Amino acid sequence: MLDKQSNKTDFFVGNKNKRLLQLFYSVQTTMILVCIQQLLVGKIHTTLILAGSFVILFGIYFLIKKNYTNLASHMLLLILTSIAMYLMWKYEGIHDSAVLVLPTVLILAVMLNLPRLFFFLYFLIILSILLNGYFNDIGWVENIVNQPTLNDAFVMTAIISVISFSVWLMLKDLQNLLTRLSQEVVLVKESKAEIDKMLHHDSLTGLPNRFLAKEFFNDVLLRARRTNGLACVIFLDLDHFKHINDSFGHQVGDEFLKHTAGKLKSILRQTDRVCRHGGDEFLIILEVVQTEKEITHIISKISEQVAKPFLFETFDIITTCSLGVAIAPNDGNDFNTLLKKADLAMYHSKHLGRNGFNFYNEALNKNLQEHMELVSDLHKALEGGQFFLCYQPKFDFLTGEINSAEALIRWNHPQKGVIGPDVFIPVAESSGLIVQIGQWVIDAACEQCKKWQEFGFYTLGVSVNVSAVQFQRDNLEIVVEKSLSNYLLPANKLELEITETVLVSDTDIVKEKMAKLRALGVKFSIDDFGTGYSNLNYLKNLEVETLKIDQSFVKNCLTDEQDRAIINAIVQMANSLQLKTVAEGVEEEEVADFLKSIRCGAGQGFYWSKPLNSDEFIAFLYAQNNSYMPKI
Ligand SMILES: Nc1nc2c(ncn2[C@@H]2O[C@@H]3COP(=O)(O)O[C@H]4[C@@H](O)[C@H](n5cnc6c(=O)[nH]c(N)nc65)O[C@@H]4COP(=O)(O)O[C@H]3[C@H]2O)c(=O)[nH]1
């Protein structure tokens, strides 16, 4: 069938129509030139034939223009063959110069990838040449000049056959080469598509990555501008995903991420996009919305869905997520700015206790700048030795002696003056700097405690606050061991104050580290006891010496009956578990009396002394008449 453009690989590789048109022009130009030449030499008949052919060939021009390439090719070659044969038979037979057109036609048939036409024309030409020779031989035809013979015809036939065959072979090879080349091109295109996919998709979840998220967002932004709508970037981070990895292994963690990706896709519209930002972070690009309320609604759906349990073997794994949203045009107009702001808003959600969402606003940005400044100043503080320790004594109610002092860090900021730990410890914890700061505190406290011993205060111990982050990230046992041996301080003089959250956060790791530290001889106390975890089971599993009763109960215990009852209960429980108790925040004599009356072990607070720097503290010790006698 002579259909429109063939898909077969041929010599012209997709250019066939263009090339055919060029061939057509060259044939027509030749026709005109030969026509003029024939007219000049007075061959009117040939001139008329060629002129007629010239006109007929214009029909082919329209076929080419209409993309009927195959039909046009057939027509062109058949018309050229007919003209050449007519002139051959009419004038000089196989000696006529028109015969030269015949091998040209065959070459073109091969080039245009028309095998059937090639064979048809080949046999037609051969037959015609042989008949011309034969008819001239037997006198049926008499060509005018230099009358050909059958002998001449055979020679001509052989030459045309060899030429045609060679060209045929050559072009077949060329075609094979082109076919192979086009297959290679397909393979290269497929590999390119695969590489593109890898570059733009996350291999674990199959979700588009950050680069594609940017493209999606840019498209949404264009549509939002046209419709006066909002384009937003939602940043989602799973809460406590690390716990899933640590408790169930990375394989389950991966499964969980895939599951979450599926969940997110299932609740969003097809026009919304879920992308993976990395780790446990996802980006969601919503199709244009008109109001913030719509975004809030979608986010609530997302939070609800993420919080649904994931069944792994017999366990239900449950986690929540924190989200942040930044919206164009209010918060910016380019993807990277909005991504940063959405991330910041998400970070704020984490800060507020996780499992929530926040829209970005300028106040968050200001907070972040202050935060960054503080982090950078903290780095300088560590390098520049701007930290120092204060010590607050703890009085033993039974012996009336100062048996220990709590080391409390202070920061002597070059511009802002002395800053308390409540301001910078949370920042140090979130930036991880607490690890280095904590190491410095342990070292400085051990050094100071050794000095007290050298001053003759042999029984005085020191306690140091240790944050949960230090337990998770630091080789605490190595740090402690090094400091103790550096200053030749007996390990039982050092106490580590930890909060209940440390004990319940990662029990196995904590247990292991505590066991190592206890093996060294270090003691433990639980700080702010009574404010944290309600399950007291850990008290029997973990070997702690002391419970420090939180000052929030102590502060109002004279007036608040419930606070008194709580303190009483803690002391009774501690006594029956053979744990020591220290009441924090004692400011009045009556409170100290009450604590002593209920057999609380020790007290700490402004009643005896505020935290004092090292010199003041030594002076304080001497002022206590070297006997550590309290005022009570
Ligand atoms: N109103 C009142 N307050 C009293 C009284 N007696 C003591 N305090 C204050 O109560 C806090 C006791 O320390 P904390 O509960 O361990 O609470 C500490 C501790 O959690 C943390 N911190 C202090 N130093 C360090 C440290 O070196 N490392 C770590 N990780 N945290 C530290 O910062 C918190 C605050 O420390 P500070 O500001 O020094 O505040 C101290 C102390 O000055 C009192 O009678 N009345």
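Position 1 is the first residue of the sequence; numbering continues from there. Worth saying up front: this structure is predicted, and the values here are computed from it rather than measured.
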Worksheet item: Would Lys493 and Leu460 count as a side-chain contact (heavy atoms from CB on, under 4.5 Å) if you check the C-alpha gap in whole Å, the side-chain angles of each, and the deciding distance to 0.1 Å?
Response: CA-CA 7 Å; Lys493 289 285 163 278; Leu460 193 59; over 6 Å; no
Practice prompt. Just do the side-chain contact (heavy atoms from CB on, under 4.5 Å) check on Glu584 and Asp527 with the steps written out, would you?
Written response: CA-CA 9 Å; Glu584 295 182 292; Asp527 208 2; 3.1 Å; yes
Worksheet item: Is the closest basic N to carboxylate O distance between Glu304 and Lys308 below 4.0 Å?
Response: no
Worksheet entry | For the student: nearest non-hydrogen atoms of Ala407 and Asn465, plus distance | O-ND2, 3.7 Å
Discussion item. Between Thr205 and Asp202, do the side chains contain a donor N or O and an acceptor N or O under 3.5 Å apart?
Written reply: yes
Discussion item. Please evaluate residues Glu497 and Lys394 with respect to the criterion salt bridge (Lys or Arg N to Asp or Glu O under 4.0 Å), reporting the C-alpha separation (whole Å), side-chain torsions for both, the decisive distance (0.1 Å), and the verdict.
Written reply: CA-CA 13 Å; Glu497 295 194 11; Lys394 298 176 196 172; 3.2 Å; yes
Response to the item:
Ala592 and Tyr607 have their tightest heavy-atom pair at CB-CE2, 4.0 Å
Discussion item. Centre-to-centre under 6.0 Å for Tyr458 and Trp452, is that the case here?
Written reply: no
Discussion item. By the definition side-chain contact (heavy atoms from CB on, under 4.5 Å), identify the one residue from Leu257, Leu264, Asn209 that meets it with Arg276.
Written reply: Leu257
Worksheet item: Any side-chain donor-acceptor pair under 3.5 Å between Lys548 and Gln604?
Response: yes
Fill in: Check ion pair Lys610-Glu616 (N to O, under 4.0 angstrom)
no
Fill in: Option from Leu323, Asp280, Leu283, Val274 for which side-chain contact (heavy atoms from CB on, under 4.5 Å) with Leu236 holds
Leu323
Fill in: Aromatic ring proximity, centroids under 6.0 angstrom, Tyr622 and Phe457
yes
Worksheet entry | Side-chain H-bond candidate by donor/acceptor type, Thr320 with Asp239, under 3.5 Å | yes
Item to complete: Kindly determine whether Thr499 and Asp528 satisfy side chain to side chain donor-acceptor pair (under 3.5 Å), including the steps that lead there.
Response: CA-CA 7 Å; Thr499 55; Asp528 308 332; over 6 Å; no
Worksheet item: So, Phe235 versus His277, ring centres under 6.0 angstrom or not?
Response: yes
Practice prompt. Verify the distance criterion only: is there a donor paired with an acceptor across the side chains of Ser322 and Asp237 at less than 3.5 Å?
Written response: no
Worksheet entry | Pair Glu500-Phe529, side-chain contact (heavy atoms from CB on, under 4.5 Å): steps then yes or no | CA-CA 7 Å; Glu500 287 168 285; Phe529 187 81; 3.9 Å; yes
Worksheet item: Can you name the nearest heavy-atom pair linking Ser404 to Ser463, along with the distance?
Response: OG-N, 4.1 Å
Fill in: Which atom of Leu408 lies closest to which atom of Glu406, heavy atoms considered
CD2-OE2, 3.4 Å
Worksheet entry | Glu495 and Phe524: CA distance, side-chain angles, deciding distance, side-chain contact (heavy atoms from CB on, under 4.5 Å) verdict | CA-CA 5 Å; Glu495 182 176 281; Phe524 283 95; 5.9 Å; no
Item to complete: Verify whether one side chain among Asp443 and Tyr487 offers a donor that lies under 3.5 Å from an acceptor in the other.
Response: yes
Discussion item. Could you check whether Thr337 and Asp334, counting side-chain N and O atoms only, form a donor-acceptor pair closer than 3.5 Å?
Written reply: yes
